[in-house]
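Worksheet: one structure, shown below.
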Amino acid sequence: MKTPFHIMIIPTLGCPSQCHYCWSSEEGSPVMTLDTVKATVSWLSGFRDDPLTITFHGGEPLLAGPGFFRSALPILAEGLSKNTPSFAIQTNLWRMTDDIAEILAQYQIPIGSSIDGPEVLTNSQRGEGYYQKTMAGYEIARAHGLEVRFICTFTNKSVREKEEIVRFFREKGFTLKLHPALPSLRSEEPQQWALPPEEYGELLVYLLDQALENQGELEIMNINDLCRCVFTRRGTVCTYADCMANTFAIGPDGSIYPCYRFVGMEQWVMGSVYDSPSIDDLSHSDAWKKMHEFKEYVDKACSSCRHMPYCRGGCPYNAIAPDQERLSGVDPHCIAYKRIFDEISDRMNEEMFAAPPAFMSPFSSAHKPDTKPGIMSLIHRIVMK
């Protein structure tokens, strides 16, 4: 199975919010022009024929305004019709309007947004008024039939409130996707909000239990993805997949990067859409070589790890960002990944090879009253979607 082809379009690096742990935000950042959108179509139309997902990311993409999306979406959809493009957007929803919602609804674009839990907790991490502004945008999006899912960033502070956060998402009926707060590249105290890998690992195990105990009431996308990785023996999301040559980000000026996290960093420019580079052209860039240095490092450093086939050393950005001059390790969250992958693998093996009666399916959700709910029932739910 091939890794999906994914393009992230960054209309601007500007953002009206000032989340305390944010690692990148540029005030007054320029906005992508329609000429750059057209150049993007010209490049991609001759680049690859595979089905394509296009995600609008940022910064805050809605700062580009309704006019941008009203024009850009048909340009992309029609110009790349052979790639049958699907679209998504990641936004804090502050600038959501009826006009924008109507445009997004025409293309059935799912929305990813960000809420860290109850209002007081969210505002304490993302700034006063963040929760109310995001929820106001959420109501507009939902009124137009748009699907909205939330990313919840766990910091070294909010992780202490994990029970309250999970209760909030369950009671609201929100699908939960979590991110661990990373060291901020723009802070004098980069570790101020960062979630330590050991705590991240224990948080993932806690959330696995919550997902199992609340099946049908609480969906945690990360747990679904992690279980799918172990069951299929293949990384199914970018953190655990071979994203190189399959994922690219396009900055506001048309520069091409390995991922949206590198946008705005000159040393990570691989080319420009205005030059319509081939994959061979991109492979000669320093950024490409640095990414493949990570891949080669993982092949050696992780060769004895049982989770290597579906982890691939984690996220290249996480590994490279601490010291861009010298690659000194895999994703620092390796400890967390091993912790949760071990937990899922061990539970799965125990359930699958515990010699159940012949009439029982390996996907059976049956379990003894004094044991934790079975993981195979969750996997069955995921596989049957």
Side-chain angles (χ1 to χ4, degrees), residues 7-41 53-77 87-107 109-116 122-123 125-144 146-151 153 179 184-186 248-257 259-265 273:
I7 294 292
M8 302 178 183
I9 293 180
I10 316 301
T12 179
L13 285 172
C15 184
S17 63
Q18 292 292 320
C19 300
H20 299 311
Y21 48 74
C22 183
W23 48 268
S24 177
S25 180
E26 297 183 11
E27 289 289 338
S29 176
V31 175
M32 181 178 286
T33 66
L34 291 179
D35 283 342
T36 300
V37 175
K38 293 173 183 175
T40 297
V41 170
T53 297
I54 296 175
T55 300
F56 295 98
H57 215 296
E60 172 46 58
L62 294 189
L63 287 178
F68 173 84
F69 290 99
R70 188 177 293 110
S71 298
L73 282 165
I75 291 172
L76 292 162
F87 299 96
I89 189 169
Q90 182 66 36
T91 166
N92 62 23
L93 291 170
W94 288 19
R95 300 300 177 92
M96 179 60 70
T97 63
D98 288 320
D99 282 350
I100 293 177
E102 287 174 6
I103 298 163
L104 300 184
Q106 289 175 22
Y107 291 86
I109 298 179
I111 296 172
S113 192
S114 298
I115 284 287
D116 291 348
T122 293
N123 290 348
Q125 299 195 150
R126 291 183 172 268
E128 193 60 36
Y130 181 99
Y131 182 93
Q132 300 93 324
K133 293 175 183 178
T134 294
M135 293 309 297
Y138 168 80
E139 295 298 337
I140 294 173
R142 293 296 298 142
H144 288 270
L146 292 166
E147 176 189 1
V148 182
R149 292 182 173 183
F150 290 104
I151 291 173
T153 298
H179 278 180
S184 174
L185 299 184
R186 65 175 186 170
F248 299 99
I250 302 170
D253 65 351
S255 294
I256 302 169
Y257 300 83
C259 174
Y260 82 97
R261 287 181 165 182
F262 294 104
V263 174
M265 301 166 70
V273 295

Are the side chains of [X] and [Y] in touch, meaning some heavy atoms are under 4.5 Å apart?
X    : Y    : value
N92  : K133 : no
T153 : R126 : yes
V148 : P110 : no
T12  : E60  : no
F150 : S114 : no
S113 : T134 : yes
I111 : F56  : no

Could you grab the distance from atom [atom1] of [X] to atom [atom2] of [Y], nearest 0.5 Å is fine?
X    : Y    : atom1 : atom2 : answer
I103 : L73  : CD1   : CG    : 7.5 Å
I10  : T36  : CD1   : OG1   : 13.0 Å
E102 : L146 : CD    : CG    : 10.5 Å

State, to 0.1 Å, how close [X] and [Y] come at their nearest heavy-atom pair, and which atoms those are.
X    : Y    : result
F69  : P74  : O-CD, 4.1 Å
A249 : Y260 : CB-N, 3.4 Å
P252 : P11  : CB-O, 3.8 Å

